[in-house]
Amino acid sequence: ITSTGIAVLTETYLAFVRKLVKEVFRLDIIAWIIILSCFIVAFVGLVYPIIPSVVFIIAGFLAYGFIYDFSEMSWLFWAIQLVFVGMLFAADTIANLIGVKKFGGSKAGMIGSTIGILVGPFVIPVAGILIGPFIGAVLAELLITRVSVEQSIKAGVGSLIGFLTSAAAKAVIQAVMIAIFIWTIW
């Protein structure tokens, strides 16, 4: 082999390595876009409750594990995340319960509020997330429990406050879950 042949082989090898590094870097970017997209969709689920936020957070963790490695996420990591999943469900239920009950609403108001949360964003795309639970609770109180308009409006306000409190609590819990994930893999 001549020095020209070695130079050609070296240049070919370096070109291959450069191309490989570019591909790995591009795949790394795609992987993180997938993971971050899961987390973003989870936060969108705070505004559109039909989207199961917890599923998308876990999907982000699983995407990382499948793409990179699960070994960084120990059983302790998964146990802590499981506790936070329970907290997400509890925050949702407790905040709505307290919001409606505190303002004199009934079980019918809570059910109406839940239906309003699910239907509102589709009927009134932007404002429906706030108006939906209010109208759902008011209508349920008026039509099912047959309370006064004033009392049903109070229950509607309670459902709205409960929903907003729930969304804020879940946003904090989800942020903590993601922070623990980032701390664990870093």
Side-chain angles (χ1 to χ4, degrees), residues 30-64 66 78 80-182:
I30 292 169
W32 277 103
I33 287 173
I34 291 168
I35 294 163
L36 293 175
S37 294
C38 287
F39 295 156
I40 290 168
V41 170
F43 279 97
V44 170
L46 295 172
V47 180
Y48 288 98
I50 197 83
I51 298 171
S53 296
V54 71
V55 170
F56 283 94
I57 289 180
I58 300 299
F61 300 160
L62 293 175
Y64 179 86
F66 285 121
W78 291 107
I80 291 169
Q81 294 298 342
L82 188 62
V83 168
F84 279 107
V85 167
M87 289 171 67
L88 279 172
F89 288 116
D92 204 14
T93 305
I94 293 169
N96 284 326
L97 177 71
I98 291 172
V100 173
K101 286 289 185 187
K102 182 123 178 128
F103 284 81
S106 67
K107 188 171 185 175
M110 288 180 2
I111 292 170
S113 171
T114 302
I115 292 169
I117 286 171
L118 296 174
V119 174
F122 297 105
V123 176
I124 308 168
V126 177
I129 195 63
L130 297 175
I131 296 171
F134 176 80
I135 291 174
V138 169
L139 287 176
E141 292 292 339
L142 283 174
L143 299 174
I144 296 171
T145 57
R146 303 201 182 272
V147 297
S148 68
V149 173
E150 183 182 329
Q151 182 55 42
S152 63
I153 290 173
K154 283 172 101 178
V157 169
S159 75
L160 184 58
I161 290 171
F163 170 73
L164 293 174
T165 304
S166 167
K170 290 190 308 186
V172 169
I173 294 167
Q174 287 179 191
V176 170
M177 290 174 77
I178 293 168
I180 290 170
F181 166 73
I182 291 168

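Position 1 is the first residue of the sequence; numbering continues from there.
Identified under the side chain to side chain donor-acceptor pair (under 3.5 Å) test for residues 107-136, with sequence neighbours left out: none. Pairs of residues two or more places apart, or lying in two chains, never qualify as salt bridge (Lys or Arg N to Asp or Glu O under 4.0 Å) while including a residue from residues 113-126. Annotation: salt bridge (Lys or Arg N to Asp or Glu O under 4.0 Å) contacts involving residues 149-158, sequence neighbours excluded, are absent. Applying the ring-ring contact (aromatic ring centres under 6.0 Å, His included) rule to pairs touching residues 148-181 yields Phe39-Phe181, Phe61-Phe181, Tyr64-Phe181, sequence neighbours excluded. Legend: side chain to side chain donor-acceptor pair (under 3.5 Å) pairs involving residues 127-145, not counting sequence neighbours, sorted by first then second residue: Ser106-Glu141, Glu141-Thr145. The salt bridge (Lys or Arg N to Asp or Glu O under 4.0 Å) analysis of residues 170-179, with sequence neighbours excluded, yields the pairs Asp92-Lys170.
Partners of Trp32 under the side chain to side chain donor-acceptor pair (under 3.5 Å) rule, at least two apart in sequence or in another chain, are Tyr68. Every residue meeting the side chain to side chain contact (heavy atoms under 4.5 Å, CB included) condition with Ile173, not counting sequence neighbours, appears here in chain and number order: Phe84, Met87, Leu88, Ala91, Met177. With sequence neighbours left out, Phe66 forms a side chain to side chain contact (heavy atoms under 4.5 Å, CB included) with Leu62, Phe70. In this structure, the side chain to side chain contact (heavy atoms under 4.5 Å, CB included) partners of Ala171, at least two apart in sequence or on a different chain, are Phe43, Leu46. Residues that satisfy the side chain to side chain donor-acceptor pair (under 3.5 Å) test with Thr165, not counting sequence neighbours, are absent from this structure.
Rounding to the nearest 0.5 Å gives a distance of 10.0 Å between CD1 of Ile33 and CD1 of Ile40. Interatomic distance, CD1 of Ile178 versus CD1 of Ile35, reported as 11.5 Å (0.5 Å rounding). For the atom pair Ser37 OG and Ile30 CD1, the distance stands at 11.5 Å (nearest 0.5 Å).
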Distance-only check: which donor-acceptor pairs under 3.5 Å involve side-chain atoms of residues 125-139, not counting sequence neighbours?
none

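In this structure, Gly156 and Ser159 approach most closely via the heavy-atom pair O-OG, 2.8 Å. For the residue pair Ser53 and Gln174, the shortest heavy atom distance occurs at CB-OE1, 3.0 Å.
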